[in-house]
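Okay, structure first, notes after.
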Amino acid sequence: MRPLLLVLLLLWSAPSHAQTLATIRATHHLICGTVAGEDDWRGGEDHGDLSQLGEQICRAVSVAILGDDKGLVIQEFPAELEAEQALQAGTIQLAVPVSPSVTSAMRFGLRFGPVVYYDSQRILVSKLSGITRLSDLKDQLICALDMSQPERTLREVMTAQGIPYALMAHSEQGELDAAIAVRRCAAGTGEESRLAESRGNFHAYTKDFVFLPDRLTLDPVVPASPASDQAFGLIVDWTLHALIEAEALGITAENIATQGAVDDTRTNQLMGRDFATAQALGLSHDWAAKVIAATGNYGEIFDRTLGRPYGLARGLNALWTKGGLLHPMPMR
């Protein structure tokens with residue numbers, strides 16, 4: 001086969017990601033992938049199960065584009081790699097959340113949106129241990145997954161700070177969780193979301209375990225969409241900004257109906273009374289109001305998907321005005 005003919009054939013057979021937004025509107029369906037981060041022998045997924053958070057972001061994007069979530073289809077993946085491969089193949093149109101990297105962006109043709117959750121490597125200890133800071137782990141036994149990134153980071157941090165320790169390495173997450181729960185080791189390390197999920201399965205002992213204040217890494221997760229469709233990507237971005245802006249303004253799913261009486265610039269921009277953002281994105285003027293009515297603001301979403309289920313405080317995921325890292329882009 002001639003090279004030119006082969007190239008044309010490949011282009012003809014590849015999914016046309018540039019038509020993502022048009023396809024969603026034509027079919028009235030948004031196919032969105034979430035990542036469960038299931039435990040497996042590969043140990044490739046450091047984060048806990050963030051699929052419920054991902055589903056809410058998917059729901060918000062569906063409402064922004066379609067006006068409701070009736071056409072939302074959720075496809076759950078065991079790991080980020082499978083979700084990224086599905087995006088490349090065009091079998092899903094959005095994946096939330098995944099870990100951003102230039103390698104994935106180039107390999108799978110992806111763009112990454114704003115941070116939906118700041119994860120970080122932390123250390124979990126029993127209250128009975130008396131350990132309250134990193135230096136208290138001197139000469140203590142620490143549990144970690146064998147040959148994982150958290151294990152490598154622990155070694156680097158402890159070496160840099162001159163804190164000697166012993167390592168109990170585990171090949172499976174379940175073994176690690178059990179060792180922490182029955183205090184075979186003085187502490188366990190891993191991503192905060194993963195450890196919080198594990199802690200929830202300690203049952204009667206759940207409340208006996210707390211995180212040290214130290215954060216060894218900063219590991220954000222984000223939405224991923226086809227890099228070739230900028231219009232769709234911008235809608236994903238500004239949907240998340242709208243959720244964060246709503247929290248900053250105190251607008252919730254419960255009080256959204258009364259915001260018509262509020263007259264200030266930021267509220268007018270968010271609610272679409274100046275039409276600027278809606279026109280730029282090609283959405284209905286009240287798209288953000290519909291999103292907030294359906295999902296609540298970012299704080300409400302965090303509370304029901306991570307806060308209550310995992311016992312996680314807002315921490316880094318609080319608004320920048322409250323000591324966190326979250327801030328919206330202007331809705332204009």
| task | Evaluate the criterion salt bridge (Lys or Arg N to Asp or Glu O under 4.0 Å) for residue pair Asp237 and Arg111; output intermediate values, then yes/no. | result | CA-CA 11 Å; Asp237 294 354; Arg111 73 179 299 277; 2.8 Å; yes

| remark: Applied to residues 174-214, the ring-ring contact (aromatic ring centres under 6.0 Å, His included) test, sequence neighbours excluded, yields Phe202-Phe209

| Regarding Arg314 and the six-membered ring of Phe302, is the cationic atom NZ or CZ under 6.0 Å from the ring centre and inside 45° of its axis? | yes

| message | Please identify which of these residues, Leu72, Thr23, Asp69, Val63, meets the side chain to side chain contact (heavy atoms under 4.5 Å, CB included) condition with Leu30. | response | Leu72

| field | Any Thr277 side-chain heavy atom under 4.5 Å of Leu281 side chain | value | yes

| field | Minimal non-hydrogen separation, Leu66 against His29, with atom names | value | CD1-N, 4.1 Å

| said: Can you confirm whether Arg273 sits close enough to Thr267 that some side-chain heavy atom of one is under 4.5 Å from a side-chain heavy atom of the other? | reply: yes

| Do Met271 and Ile256 come within less than 4.5 Å of each other through their side chains, counting heavy atoms only? | yes

| note | Sorted by chain and number, sequence neighbours left out, ring pair (Phe, Tyr, Trp, His ring centres under 6.0 Å) with His241 holds for Trp238

| note | Correct closest heavy-atom pair for Ala242 and Ala288 would be CB-CB, 4.3 Å

| field | salt bridge (charged side-chain N to carboxylate O under 4.0 Å, His left out) partners of Glu191, counting only residues at least two apart | value | none

| task | Applying ring pair (Phe, Tyr, Trp, His ring centres under 6.0 Å), name anything that partners His285, two or more places apart in sequence or on another chain. | result | Phe275

| request: Verify side chain to side chain contact (heavy atoms under 4.5 Å, CB included) between Val291 and Leu243, making sure each step is shown before the conclusion. | output: CA-CA 8 Å; Val291 168; Leu243 295 173; 3.7 Å; yes

| Can we say Arg122 and Asp214 salt-bridge, meaning some charged N sits less than 4.0 Å from an Asp/Glu carboxylate O? | no

| query | What pairs of residues pass the disulfide (SG to SG under 2.5 Å) test when at least one of them lies in residues 203-241, not counting sequence neighbours? | reply | none

| task | Keeping to residues at least two apart or across chains, list the disulfide (SG to SG under 2.5 Å) pairs with something in residues 142-239. | result | Cys143-Cys185

| task | Heavy atoms only: give me the nearest Thr206-Asn201 pair and the separation to one decimal. | result | OG1-N, 4.5 Å

| field | Arg215 to Gly315 - nearest heavy-atom pair and separation | value | NH2-CA, 4.2 Å

